[in-house]
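Notes follow the structure.
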Amino acid sequence: MSKLEVLENIGTAAVRRLRDSKLSAGKPFMINSDELPSGQSYLEYPDGKVCIVQVSADSRSFVILDTLAASVADSVRLRHGIG
């Protein structure tokens, strides 16, 4: 295994631990993705719901732009290696 692969594995494991920690604490987990327009992200909630969000004008909260169907949310998780 190359050094790059080792670092990728370490990074992936850290993201998964952070995700588990946030969701277990009842907090949402942000999934940044190049597949969304600039300024938008996915926000995964502890109940499994995934929304597309954008930071509000006051930068203190998120504006929900769309709530994904369960099957689409599952595919987002799989594409980002957290499913």
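Remember, predicted model here, so these are calculated numbers, not experimental data.
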Inset, instruction - Answer with yes or no whether the hydrophobic clustering places I82 together with L36; edges join I, L, V, M, F, W, Y residues whose side-chain heavy atoms lie under 4.5 Å apart. - result: yes
Inset, instruction - Evaluate whether atom CG of D58 has more than 12 neighbouring non-hydrogen atoms of other residues, nucleotides or ligands under 6.0 angstrom away. - result: yes
Inset, instruction - Give a yes-or-no answer on whether the side chains of R60 and S56 include a donor-acceptor pair shorter than 3.5 Å. - result: no
Legend entry - side chain to side chain contact (heavy atoms under 4.5 Å, CB included) between V50 and Y45, worked out: CA-CA 6 Å; V50 175; Y45 291 89; over 6 Å; no
Inset, instruction - Flag yes if L68 and V63 sit in one hydrophobic cluster, no otherwise; membership is Ile, Leu, Val, Met, Phe, Trp, Tyr, and two members link when side-chain heavy atoms are under 4.5 Å apart. - result: yes
Inset, instruction - For residues K22 and S24, determine if any side-chain heavy atom of one lies less than 4.5 Å from a side-chain heavy atom of the other. - result: no
Legend entry - Pair E44 + R77, salt bridge at N-O below 4.0 Å: yes
Legend entry - Check against side chain to side chain contact (heavy atoms under 4.5 Å, CB included), F29 and V15: CA-CA 10 Å; F29 177 73; V15 169; 3.9 Å; yes
Legend entry - Beyond-backbone contact of L65 with Q40, side-chain heavy atoms, under 4.5 angstrom: yes
Inset, instruction - Enter the distance from I64:CD1 to I52:CD1 here, rounded to the nearest 0.5 Å. - result: 11.0 Å
Inset, instruction - Report whether L78 and I31 are members of the same hydrophobic cluster (ILVMFWY, side-chain heavy atoms less than 4.5 Å apart, transitive linking). - result: no
Legend entry - OG-CG distance between S41 and N32, expressed to the nearest 0.5 angstrom: 4.0 Å
Legend entry - Rounded distance (nearest 0.5 Å) linking atom OH of Y42 with atom CE of M30: 13.0 Å
Legend entry - Nearest heavy-atom neighbours spanning G48 and A73: O-CB, 4.5 Å
Inset, instruction - Please test S75 against R79 for side-chain hydrogen bond (donor to acceptor under 3.5 Å, both in side chains), starting from the C-alpha separation and ending with a verdict. - result: CA-CA 6 Å; S75 70; R79 284 195 309 274; 3.3 Å; yes
Legend entry - Straight-line distance of E8 CD to S2 OG, nearest 0.5 Å: 7.0 Å
Legend entry - Least distance between heavy atoms, V76 atom then H80 atom: O-ND1, 2.8 Å
